[in-house]
Amino acid sequence: MDVDSVSKIALAVVSLAAAILQFLRARGGRRAQILSDIELYKALPDSSSAKRELLELIDGAIKALISEETEKRRDPTGIGLAISFLLLGPLAIAWGINGDGWWNVLILVGAVVLLFGIVGLSESATLKARDEKGNAIKTG
């Protein structure tokens with residue numbers, strides 16, 4: 001396989017992975033579900049028998065969310081992005097080496113992208129207390 005074919009395949013895989021991650025992230029999360037449940041709770045009449053059960057469900061979901069947020073975890077979106085940089089960096093470098101003229105600029109671009117991938121993977125794969133978006137929570 002030549003560099004052009006490999007790069008097209010890698011670009012397709014990275015694009016598909018990015019689209020899937022963006023879709024999963026856009027769906028909301030547990031907080032969005034809890035807020036939706038609270039709106040439903042407010043809309044129910046006081047005489048509803050389901051109102052008490054829904055309140056217990058909301059209370060349990062909030063307690064579970066609090067306990068999860070204190071646990072250390074990794075950032076899967078950041079890991080996926082870092083892996084895509086780690087794949088695209090060497091491809092850009094290979095294009096730069098095989099090309100001539102201004103294509104040699106891709107060697108520098110690929111090196112920077114590769115560096116971003118290394119730093120991103122080291123940050124995202126480290127176990128830290130994180131919010132629901134995967135951002136590290138600073139303590140103290």
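Of the inter-residue distances, the one linking Gln33 atom CD with Ile38 atom CD1 reads 10.5 Å to the nearest 0.5 angstrom. Here the straight-line distance linking atom OG of Ser49 with atom CG of Leu44 works out to 9.5 Å at 0.5 Å rounding. Rounding to the nearest 0.5 Å gives a distance of 12.5 Å between CZ of Phe116 and CG of Leu86. The line from CG of Asp75 to CG of Leu81 is 9.0 Å long, rounded to the nearest 0.5 Å. Separating the CG atom in Leu91 from the CG atom in Leu87 is a distance of 7.0 Å, to the nearest 0.5 Å. With rounding to the nearest 0.5 Å, the separation of CZ in Arg52 from OH in Tyr41 is 8.0 Å.
Among all heavy-atom pairs drawn from Ala82 and Gly117, the shortest one is CB-O, 3.5 Å. In plain terms, the two heavy atoms of Asp46 and Lys51 that are nearest each other are OD1-NZ, 2.8 Å. Here the shortest heavy-atom pairing between Asp37 and Leu57 reads OD2-CD2, 4.3 Å.
Every residue two or more places apart in sequence or in another chain was checked for a salt bridge (charged side-chain N to carboxylate O under 4.0 Å, His left out) with Asp100, and none qualifies.
Here the side chain of Ser36 pairs no donor or acceptor atom with the backbone of Ala32 at under 3.5 angstrom. Remark: side-chain polar atoms of Ser122 are paired, donor with acceptor, to backbone N or O of Val119 under 3.5 angstrom.
Residues Leu40 and Leu55 share a single hydrophobic cluster, defined by chaining ILVMFWY side chains whose heavy atoms lie under 4.5 Å apart. Ile83 and Leu115 end up in different hydrophobic clusters when Ile, Leu, Val, Met, Phe, Trp and Tyr side chains are linked at under 4.5 Å.
Contact annotation: the side chain of Leu106 never approaches that of Ile93 to less than 4.5 Å [non-hydrogen atoms, C-beta and beyond]. Residues Ile58 and Ile62 meet the side-chain proximity criterion, which asks for heavy atoms closer than 4.5 Å. No side-chain heavy atom of Phe85 sits under 4.5 Å from any side-chain heavy atom of Leu114.
Of the residues listed (Val112, Val105, Ile107), the one engaging Val109 in a side-chain contact (heavy atoms from CB on, under 4.5 Å) is Val105, and it is the only one.
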